[in-house]
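The structure under discussion appears below in the form of structure tokens.
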Number of protein chains: 2
Amino acid sequence: MPVDEGSTRWLEPEEMHAWLSFIAGSALLESALDRQLQRESGMPHAYYQILAMLSDAPRRTLRMSDLAAATQSSQSRLSHAVSKLEGYGWVHRSQCPDDRRGTLATLTEQGMAVLREAAPGHVRAVREHLFDLLTREQVAQLTDIWQTVLAGMRDRDGVVATTRTVLGEAAG
Amino acid sequence: MPVDEGSTRWLEPEEMHAWLSFIAGSALLESALDRQLQRESGMPHAYYQILAMLSDAPRRTLRMSDLAAATQSSQSRLSHAVSKLEGYGWVHRSQCPDDRRGTLATLTEQGMAVLREAAPGHVRAVREHLFDLLTREQVAQLTDIWQTVLAGMRDRDGVVATTRTVLGEAAG
DNA sequence: CTCCAATAGTTGAACGTTCAAGCTCCACCG
DNA sequence: CGGTGGAGCTTGAACGTTCAACTATTGGAG
């Protein structure tokens, strides 16, 4: 229940325009990517990200909590997702040696193969809908903007969001 | 099923960094907004957007298809959502006079009241997580980037995405 | 005028996510 | 060393979205 009344700093026209542009653009972009992946590889973008992060990790293995942080998903969401991926045979769960509460998720050979199949189409879509439309400068600006937002999150919520390193071309 | 092999233009390091930053930042931002709205006003961000768009329309009324375009949602998604909102008494459906296939959605007084209650907290969250962290210049860059993306979508898919005008301070 | 493709909207089932609860195990304090 | 708070993960139900039908209506083309 909002308390405010009177003291609200509404968005200024330029901010409102920026906000509507971002909301609209990013929603359409995300749904385009989701549809492309669903159509050509039978998985949502979120699952692709899980596979991609795993593919880039040492031994293609990550602890559930690290994988959750790397994909910006809740533990619950990740747990459900990995169950599904495990059902497909794309990911394998095992017990964490040093911490018996822990679970390790490993990308299987089959999962790797699926990812390799999916990657080119996905990258093409990302290019087509985003990077091929932007200048080098805009790419740099995009990075700065979202790094700033991420830094803000970290300051607020205490350290989270361990945006993993490169991930390279997911299917190297 | 991807065809490619060999000819894929992978993302360059700067693009990869931009991509991961954007994906992570926007996901965390969106989920922060969703949680704030759910907690303080009992509705997801998508529903807020529907109410906001209606509040800004003449007679607080929009045709379903226009409302769908304005909120970047599929007709199906909107139809389900409006059913829910109608159940709460926040939106009212009526038949379109000029086109008997059409349906009009109108924001009720009660819906307007709920939106007015929700708006300050939502705007505060948007500021806190985004605009208060960015410079004026970055706000302008953000706008340009996403307008470019939207233009790309329109070129590709043929005209869609009628990003409505201002929407003002949703609760004027 | 009659057809017929296209447009507008809805519906139900399948899917993925959130939320709250629960379980196991670790860590640390006394 | 027993106890307790918290971390790590999972589960099931509720929720919102997608997908694929399906109905009803419109706007031409012949």
Side-chain angles (χ1 to χ4, degrees), chain A residues 27-28 30-51 62-88 91-105 158-160 162, chain B residues 27-28 30-51 62-88 91-105 158-160 162:
Chain A
L28 292 177
E30 269 293 0
S31 86
L33 295 183
D34 252 323
R35 277 200 310 278
Q36 182 276 325
L37 273 171
Q38 196 67 60
R39 185 165 19 90
E40 295 180 18
S41 307
M43 70 178 112
H45 188 203
Y47 289 16
Y48 180 92
Q49 292 186 65
I50 293 173
L51 301 185
L62 239 32
R63 242 184 111 140
M64 290 296 278
S65 31
D66 295 340
L67 186 53
T71 57
Q72 296 82 50
S73 70
S74 65
Q75 287 196 140
S76 171
R77 162 148 89 137
L78 182 67
S79 187
H80 283 298
V82 167
S83 296
K84 204 111 214 232
L85 294 175
E86 199 173 23
Y88 299 156
V91 169
H92 170 248
R93 268 195 253 234
S94 60
Q95 237 215 11
C96 187
D98 6 326
D99 184 344
R100 264 184 303 187
R101 292 167 303 177
T103 304
L104 299 176
V159 183
V160 183
T162 318
Chain B
L28 293 177
E30 269 292 2
S31 85
L33 295 183
D34 253 322
R35 277 199 310 278
Q36 182 276 324
L37 273 171
Q38 195 68 60
R39 184 164 21 87
E40 297 179 18
S41 309
M43 70 179 113
H45 188 202
Y47 288 17
Y48 179 93
Q49 292 186 66
I50 292 173
L51 301 186
L62 239 32
R63 239 184 114 142
M64 291 295 280
S65 31
D66 295 341
L67 186 52
T71 57
Q72 295 81 49
S73 70
S74 66
Q75 287 197 141
S76 171
R77 163 149 86 138
L78 182 67
S79 186
H80 283 297
V82 167
S83 297
K84 204 110 212 232
L85 294 175
E86 199 173 22
Y88 298 156
V91 169
H92 170 248
R93 269 195 252 235
S94 60
Q95 237 215 8
C96 186
D98 7 324
D99 185 343
R100 263 184 306 188
R101 291 168 304 177
T103 304
L104 299 177
V159 183
V160 184
T162 316

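In what follows, every heavy atom counts, from backbone to side chain, and hydrogens, waters and symmetry copies are set aside. Chain letters run A, B, ... following the sequence lines, proteins first, then strands; residues in each count from 1.
- Residue contacts shown for A:T103 are limited to sugar-phosphate atoms, with no base heavy atom under 4.0 Å away.
- Comparing C:dC26, D:dT10, D:dT25 by their closest approach to the side chain of A:R101 singles out C:dC26.
- Considering only side-chain atoms of A:K84, the nucleotide from C:dC15, D:dC9, D:dA20 that sits closest is C:dC15.
- When rounded to the nearest whole Å, the span between CG of B:D99 and P of D:dT23 equals 19 Å.
- Rounding to whole angstrom units, CG of residue A:D98 and C1' of C:dC25 are separated by 13 Å.
- One can place CD of A:E30 at 15 Å from C1' of D:dT18, the figure rounded to the nearest angstrom.
- Under 3.5 Å, the side chain of B:S74 and the base of D:dT17 form no donor-acceptor pair of N or O atoms.
- Here the closest non-hydrogen pair linking A:M64 and A:L78 is O-CD2, 3.0 Å.
- Residue A:R100 has a polar side-chain atom (N or O) positioned under 4.0 Å from OP1 or OP2 of C:dC26.
- Summary of the strand contacts: A:S31 and A:S83 both lie near DNA chain D, and taking for each the nucleotide with the nearest heavy atom, the more 5' one is attributed to A:S83.
- You'll find a donor-acceptor pair under 3.5 Å spanning the side chain of B:H80 and the base of C:dG12, going by distance alone.
- As judged by a 4.0 angstrom heavy-atom cut-off over every strand, B:S73 is placed among residues making no nucleic acid contact.
- The shortest distance between the side-chain N/O atoms of B:Q75 and the OP1/OP2 oxygens of C:dG9 is below 4.0 Å.
- The CG atom of B:L67 sits 20 Å away from the P atom of C:dT7 (whole-angstrom rounding).
- Regarding contacts with the backbone of D:dC19, every side-chain N or O of A:R35 stays at 4.0 angstrom or more from both OP1 and OP2.
- Checking side-chain atoms of A:Q72 against main-chain N and O of A:A70 turns up a donor-acceptor pair under 3.5 Å.
- Residue A:S79 is in base contact, counting any heavy-atom pair closer than 4.0 Å across all strands shown.
- In this structure, A:Q95 places its CD atom 11 Å from P of D:dT10, rounding to the nearest Å.
- Here the nucleotide nearest the side chain of B:M64, chosen from C:dT10, C:dC19, D:dG12, is C:dT10.
- Note: CZ (B:R63) to P (C:dT10) measures 11 Å, nearest angstrom.
- One can place CG of A:L78 at 13 Å from C1' of C:dG16, the figure rounded to the nearest angstrom.
- In this structure, NE2 on B:H92 lies 6.5 Å from CD on B:E86, to the nearest 0.5 angstrom.
- Taking CD of A:Q38 as the reference point, atom OG of A:S31 lies at 12.5 Å (rounded to 0.5 Å).
- Listed pair A:R77 / C:dT18 meets the phosphate criterion, a side-chain N or O lying under 4.0 Å from OP1 or OP2.
- Residues A:G102 and A:R63 come closest through the heavy atom pair CA-NH2, 3.5 Å.
- The separation between B:E86 atom CD and D:dG16 atom P is 16 Å, rounded to whole Å.
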Item to check | Verdict with reasoning, A:S73 to A:T71, per side chain to side chain donor-acceptor pair (under 3.5 Å) | outcome: CA-CA 5 Å; A:S73 70; A:T71 57; 3.2 Å; yes
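- Sequence order on DNA chain D of the closest nucleotides to A:D34 and A:S65 puts A:S65 first from the 5' end.
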